[in-house]
Every structure is written in structure tokens, then in C-alpha cells.
Amino acid sequence: MKVLVVGGGGREHALVWKIAQSDKVDKVFAAPGNAGIAREPKVRCVDIAPSDLNALRDFALKEKVDLTVVGPEDPLVAGIVDLFEKAGLTIFGPRKEAAILEGSKAFSKNFMREMGIPTADFEVFDDPYKAKEYIKAKGAPIVVKADGLCAGKGSIVCKTVEEALDAVDKIMVDKIFGSAGDKVVVEEFLKGEEASFIVITDGENIVPLASSQDHKPVFDNDEGPNTGGMGAYSPAPVVTQKIHDRAMNEIVIPTIEGMKKKGVPFKGVLYVGLMIIDDEYPKVLEYNVRFGDPEAQPILMRMESDLVDALMASIDGKLNECDIKYTDEAAVCVVMASGGYPGKYEKGKVIHGLEEVEKMEKVKVFHAGTKEVDGKIVTNGGRVLGVTALGGTIKEAIDRAYEAVSKIHWENVHYRRDIGAKALRRLGLL
Ligand code: AMP
Ligand code: GLY
């Protein structure tokens with residue numbers, strides 16, 4: 001088989017790495033990929049942007065690609081699946097009408113209300129004045145979210161009413177996220193522990209992936225602004241069997257059935273961002289319609305089954321025949337980022353120490369924002385590397401990941417030093 005992976009971040013490196021391990025796969029193309037992806041066996045990077053849907057389709061037709069897998073949300077929300085299917089190509093993921101679960105927070109919140117799916121109480125506004133009146137009436141803390149896609153930066157958690165009023169102005173008046181801010185969702189602040197609950201579905205059958213937990217804020221102890229994710233681990237002890245069952249029965253199954261009822265069956269990856277309240281009640285923070293990044297890195301590192309089988313089963317409506325197996329080992333991914341991210345940062349810094357880490361067992365460095373210049377690997381984005389390690393226990397995986405991290409450096413590198421600490425605390429190890 002020939003497989004095309006769309007995207008060029010850590011998630012896509014993990015996808016390419018895992019897909020290339022399948023016996024069925026002869027060749028993997030990555031568009032555009034990155035320096036780490038380019039070095040994987042069977043892989044060729046092609047210089048096509050994930051937003052150039054027509055060029056991706058033409059490339060897939062020309063190369064007779066058997067399966068396309070889309071990493072990021074933007075092409076899915078823009079309708080890449082519809083476009084490929086129309087051209088007779090096989091592609092994994094939701095069609096445009098179903099991808100709206102991530103593409104519009106106003107849609108997804110109203111959908112959850114309609115289906116009785118637990119989520120924070122909310123209202124949707126297209127008038128900043130009315131949004132502000134609502135905020136003043138509700139008080140703080142409160143959360144203001146831009147309706148559309150904002151690269152993970154569209155949700156602003158506000159400790160004071162002032163901050164929330166300012167967030168409305170930034171999103172709706174200054175349009176810091178462009179037309180994604182034509183509407184806002186203003187919602188109740190939920191207190192609890194977050195987890196990423198990710199499933200593969202064919203619109204009918206559902207196969208949950210291993211549980212995981214992300215670390216969104218940029219600094220230790222969850223301080224500072226939100227990022228795309230500074231690290232993740234799997235499994236997440238906060239997702240007990242009881243929470244798993246509730247998440248399936250109260251959230252995932254009603255979501256898949258609700259979409260089917262609306263005449264918009266959902267196929268692909270459904271990633272539910274959960275807030276687990278009092279260790280008991282999972283509520284939806286958001287839906288994503290693709291693998292999590294960085295969560296895909298530790299999850300795929302633990303996956304023993306052939307991922308291509310699961311992706312094809314989703315496309316063919318045969319997920320009832322699919323079982324995904326994992327190693328009992330835990331996996332931890334520490335994201336190494338450019339200093340300044342998620343704000344301004346410099347690119348082009350030479351990365352040292354990668355060869356040293358390549359010699360380590362049970363460690364894989366997934367590349368995100370990297371490129372090769374004159375034989376050297378340099379930084380080329382905010383999140384640069386996802387240093388991912390397996391371990392017999394979560395503690396062992398954390399220690400191994402940080403041992404690898406300590407060998408890698410570049411000017412002004414930044415990473416969190418507490419990835420996995422929540423799991424250790426929960427297990428009474430910290
Ligand atoms: P979202 O883009 O909706 O996933 O939000 C990004 C992050 O903001 C989440 O991972 C949470 O950390 C935080 N967040 C979003 N909504 C809420 C909420 N209602 N209550 C508390 N924190 C939230
Ligand atoms: N790690 C968060 C996301 O993929 O949206």
C-alpha cells in the first residue's frame with residue numbers, strides 16, 4: 001500500500017512512524033512532513049501545504065495513493081474527505097459536515113445541549129454587547145471561546161469579569177482570530193482534572209484508544225497561557241474503568257448516535273476533551289475530530305496492533321471486527337519548544353544531542369517544528385520535538401523521557417519539568 005499522511009507535526013511523525021511499521025505498507029508520503037519524518041524508512045516528504053486540498057488530491061491521484069490519513073483539523077473542517085471521496089480516493093476521517101463538531105463550538109455546544117450530553121452551561125453570542133451583559137450577570141471565573149478554529153488558542157479562561165470583557169473585545173471587536181471570532185461561546189468554568197478520551201469510529205462501531213492526558217499551559221504547575229500541548233502520557237490513571245464507562249455511555253455513544261440521527265454520520269477519530277469533576281463526573285470541554293497532538297505520540301508508542309487495519313476498518317464500516325492492543329508499559333512525551341512559544345519565538349536554532357538520544361532504548365524523538373539545513377537539524381516552529389519514552393511504570397517512563405531531554409539542547413529551549421506529575425500524585429508517588 002501507499003499511504004499519504006497530511007501534516008508535519010509531532011502527531012504526524014508518530015502516525016508516519018507507526019504506519020510505516022505495517023507489513024502492508026510499502027511507501028509513506030508526508031505532506032509536508034519535517035526533518036524527522038524525512039529520515040524514517042519508507043518515507044518521502046512532499047512539499048504540499050495541508051491547506052492546499054486540490055494539490056493534495058492531485059498528488060494522491062498521480063501516485064495512486066491507497067490511503068490518506070489527515071493529521072490536523074483544518075483540512076478536515078475545510079472538506080478534504082469530501083474532495084478525496086469525490087475523486088474516488090480512500091481517506092480516513094470525517095466529512096466536512098461531521099467535522100463541524102470541531103469546526104464550530106457554537107454547533108457543538110448546541111448539539112450537546114440537544115442530545116443531553118454533559119458539558120459546561122453556556123450561551124452563544126454574535127453581539128459583543130450581549131455577551132458582556134451575560135458575563136456581568138454570571139460573574140467570574142468564566143470562559144470565553146471563539147466559535148471557529150484558532151489553532152488551539154481560541155479558549156480564554158478568565159479569572160475576573162474584567163478579563164472576560166476584554167476577551168470578548170479581543171475576539172469579537174479586534175478579531176484577533178479573524179472570522180473565527182464572529183461568534184463566541186461564553187461558558188461556565190469547570191473545576192476538575194482533564195483527560196483526553198480518543199476513539200476511532202466507523203459511524204456505528206466505536207473502538208476507544210488508550211487513555212491519555214495532555215498538559216496545555218506552557219509553564220510548570222499549569223501556569224501561563226495555553227499551548228497546543230506541552231506533553232502527554234498514557235495511560236491516564238484519572239480515567240478509571242468507571243470514568244471510562246461513563247465517558248462511553250454518557251458522551252461518546254450519544255455523540256455518535258446523535259450525529260447519525262442528524263443524518264451526518266461521524267467516521268474517523270473523535271477526541272473528546274474531558275473535564276472530570278470530583279473524580280466522578282466527566283463533562284465535555286471540547287470535541288476534536290482528529291488525533292491529539294501530543295497525545296498521539298505516547299498512545300501510538302504503546303500501540304502493538306497495526307494502525308492501518310483500524311483505519312481501514314473505520315473506512316469500511318468494519319470496526320466491530322477490530323481490536324487494538326497495547327503494551328502494558330506506560331509512555332510519556334515531553335514537548336521541547338522554542339523559548340517564547342506560544343507567543344513570538346525565533347527559528348533556525350541548531351539542535352544538538354539528537355544522535356546521543358538515538359542510541360537510547362525505549363525512546364523515540366518525534367519531530368514537530370524542525371527542518372534540515374546543510375545537514376543540520378534546526379528549529380522551525382513553536383513545538384519542536386516530542387521526546388517520548390516507554391517505561392514499566394509511569395515513573396520509569398518519566399525518568400527515561402527526561403534523561404533523553406537532558407541530552408538535547410538548543411539556544412533558548414523551553415520545556416515543562418513536571419510532565420506526568422499529576423499521574424504520580426494520583427498514584428501516591430509524589
Ligand atoms: P478548549 O479549546 O475548549 O479545549 O479549551 C482549551 C483549554 O481551556 C482546556 O483544555 C481547558 O484547560 C480550558 N478550558 C476550556 N473550557 C473550560 C471550562 N469550561 N472550564 C475550565 N477550563 C476550561
Ligand atoms: N493536545 C490538544 C489537541 O490536540 O488539541
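Starting from 1, each residue takes its place in the sequence as its number. Note that ligands are numbered from 1 as they come in the structure, with each ligand's atoms numbered from 1 the same way.
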Subject >> V143 contact mode with ligand 1 (heavy-atom cut-off under 4.0 Å) >> reply: side chain

Original post:
Who gets closest to atom 16 (N) of ligand 1 by heavy atom: E102, K191, K145?
Top reply: K145

Original post:
Which ligand 2 atoms are under 4.0 Å away from a heavy-atom of R290?
Top reply: 3 (C), 4 (O), 5 (O)

Subject >> Closest candidate by heavy atom, reference atom 12 (O) of ligand 1, pool K153, E194, K105, M275 >> reply: E194

Original post:
When only distance counts, is G292 in polar contact with ligand 2, meaning an N/O pair under 3.5 Å?
Top reply: no

Original post:
Out of V157, I156, I142, V144, who gets a non-hydrogen atom closest to atom 14 (N) of ligand 1?
Top reply: V157

Original post:
So is A232 in contact with ligand 2, going by heavy-atom distances below 4.0 Å?
Top reply: no

**OP:** Name all residues meeting the ring-ring contact (aromatic ring centres under 6.0 Å, His included) criterion together with Y233; count only those two or more places apart in sequence or in a different chain, and write none if there are none.
**Re:** H215

Original post:
Just checking, any donor-acceptor pair under 3.5 angstrom between side chains of D245 and Q241?
Top reply: yes

Original post:
Would R417 count as a cation-pi partner of Y415, with NZ or CZ less than 6.0 Å from the six-membered ring centre and within 45° of the ring normal?
Top reply: yes

Subject >> SB check K145 E286 (cutoff 4.0 Å) >> reply: no

Original post:
What part of D214, side chain from CB on, backbone N/CA/C/O, both or neither, has a heavy atom under 4.0 Å from ligand 1?
Top reply: neither

